[in-house]
Amino acid sequence: MNDYTEEINRRRTFAIISHPDAGKTTLTEKFLLYGGAINLAGSVKGKATARHAVSDWMEIEKERGISVTSSVLQFEYGGYCINILDTPGHQDFSEDTYRTLMAADSAVMVIDASKGVEAQTRKLFKVCVMRKIPIFTFINKMDRDARDTFDLLDDIEKELGIATCPVNWPIGSGKEFKGVYDREKKCVISYADTEKGTKEGRATEIPVAEEDGLRAQIGDGAADKLLEEIDLLDGAGADFDLEAVRAGDLTPVCFGSALTNFGVEIFLKHFLQMTTTPLARKADVGMIEPTENAFSAFVFKIQANMNKAHRDRVAFMRICSGRFDAQMEVRHVQGGKVMRLSQPQQIMADDRKILSEAYAGDIIGVFDPGIFSIGDTLCSPKEKFQYEGIPTFAPEHFARVRQIDTMKRKQFVKGIQQIAQEGAIQIFQEFNTGLEEIIVGVVGVLQFDVLKYRLENEYNVEIRLDSLPYEHIRWIENKDEVDIEKLTGTSDMKKVKDMKGNPLLLFVNPWSVGMTLDRNKGLVLTEFNKN
Ligand code: G4P
């Protein structure tokens, strides 16, 4: 056992995912409140008003009142050191969101009880499934009229393909919300609408076995319904199985109301009991265990110009093993250099705290003089291994970029290449020409605005974006066996290449993808760029 094993084992690092407006920010605020990280709930994120968001680094975020970038929060609760990775909650999210999930060991999924699974949740969920990380569900807004509980669970199972196991069960909703039934303790925790920003605590617990007390508390109608539902649930629901939870096959579900602070602490406690210590990660030399190895980390996000005054670039890394010390030398594997990390910091709210040490499970930001790329590994100088790469997700929106002032060619190319390097956008060229025609692909359309804004503000280049009809991109897996020139696709297919020269095809609809595969026997197409 290392002397830092205990520090690592008390770490819990998770991402919070939800459809916009489901209550992710409110829930995060309440978590922080329990941890005493902030005094007043409400200071995590402001909407379009004067309150500033934790992650409002870019002007565009402030203008629109949404968060584009992800942020990291750390707080202590019940002996645990918790790292929350916030994911941008806007529909037009970027690849950043996906990558943030790569740095988490589990995910909390917030669902609006009146809506069920929404588009955004579905997309993010796919990434969790791919990584097989545990997912914990909080069904929020029970103080408002909710959909039928069985329907909500059904929705999660069908839409997301994961079994559910309710930890507690709601009694009514909206004006009729009486509280939740705790399945483990077999008692009802009655709903108490605590004031905003205060900790919960006024709730009373009534064992369901004491039926008279139960009926007196929640009324005959609600009691009958509850007893019937408990029977159904105990008979039909998936059994609780911690192994299945940890394998990402079963999600524990809690019901509550983040706004009125009901059910939040119960959820947090259950979550902390069930979630894992920092997970081992796959590298080219095998699995790297957090407590058995010396320091190692991988870069999952790069953010430029976070502070306009300094024009800096920060590389965010997830520590995967060992202890980090600001004085230590580390090996940047891809760069082939041994170095000290410059200005290691923890980024929280508008604050940046310079760190002297951190442990596996933690996220640190370091000053990046332009040497890091997403997916890079850092490790002890004595070692040399690489963590598995972070997959590039297929962009779903494309536009042709034109420069308005052609004299500024150099700045334009530099700017667009740097922004692409950060991973905010992907750039492509016409198959047979050079950089004069640039096609940009993004995962969320908001990234187009971000690109335009950043090129103007940071590189002084004005551009025009003409959107293209393509929505499906495919890399050619067996490119060495295929003569790209001779490929016959559909009339709406476009051949392009990425910055590394890899050929790829753009399609307007899935039908064209199928047709092209039919017409070119032996062609293998892939949605992910593995090169
Ligand atoms: P998000 O981060 O997932 O986008 O959601 P956020 O927490 O910002 O919540 C979206 C809206 O839903 C907010 O109202 C918030 O107060 C409300 N909300 C969150 N949890 C609950 C809940 O348990 N019950 C009820 N009734 N409402 C909840 P808003 O009016 O849009 O914003 P604000 O002005 O209150 O910040």
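Positions are given from 1, in the same order as the sequence printed here. For ligands, and for the atoms within them, numbers begin at 1 and follow the listed sequence.
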Discussion item. With nothing but distance in play, are any N or O atoms of A258 less than 3.5 Å from an N or O of ligand 1?
Written reply: yes
Discussion item. So for ligand 1, is M142 a polar contact partner (N or O within less than 3.5 Å, distance only)?
Written reply: no
Practice prompt. Out of D143, D21, I16, indicate the one that has the non-hydrogen atom closest to atom 10 (C) of ligand 1.
Written response: D21
Item to complete: Report the relative orientation of the aromatic rings in F138 and F267; use parallel for angles under 30°, tilted for 30 to 60°, perpendicular for over 60°.
Response: tilted
Discussion item. Using ring centroids (six-membered ring only for Trp), state whether F136 and F14 fall under 6.0 Å.
Written reply: no
Worksheet entry | ligand 1 N/O within reach of L259 N/O, cut-off under 3.5 Å | yes
Worksheet item: Hey, is R144 touching ligand 1 through its side chain, its backbone, both or neither, going by heavy atoms under 4.0 Å?
Response: side chain
Fill in: Residue pairs passing the salt bridge (charged side-chain N to carboxylate O under 4.0 Å, His left out) test where at least one lies in residues 247-263, sequence neighbours excluded
K132-D249
Discussion item. Tell me every residue that passes side-chain hydrogen bond (donor to acceptor under 3.5 Å, both in side chains) with N509, counting only those two or more places apart in sequence or in another chain.
Written reply: S512
Item to complete: With atom 23 (O) of ligand 1 as the reference point, say which of I139, T26, N140, T28 has the nearest heavy atom.
Response: N140
Item to complete: Examine Y34 together with F75 and report whether their ring centres are nearer than 6.0 Å.
Response: no
Response to the item:
Atoms of ligand 1 under 4.0 Å from any heavy atom of P20, numbered from 1 in the order shown, are 4 (O)
Fill in: ligand 1 atoms in contact with K24 (distance to a heavy atom under 4.0 Å)
1 (P), 2 (O), 3 (O), 5 (O), 7 (O)
Response to the item:
For S18, the atoms of ligand 1 under 4.0 Å from one of its heavy atoms are 3 (O)
Discussion item. Does the plane of the ring in F448 sit parallel, tilted or perpendicular to the ring in H397? Use 30° and 60° as the thresholds.
Written reply: perpendicular
Worksheet item: So, does N140 use its side chain to make a donor-acceptor pair with the main chain of A22 at under 3.5 Å?
Response: yes
Worksheet item: Looking only at distance, does T25 have an N or O less than 3.5 Å from an N or O of ligand 1?
Response: yes
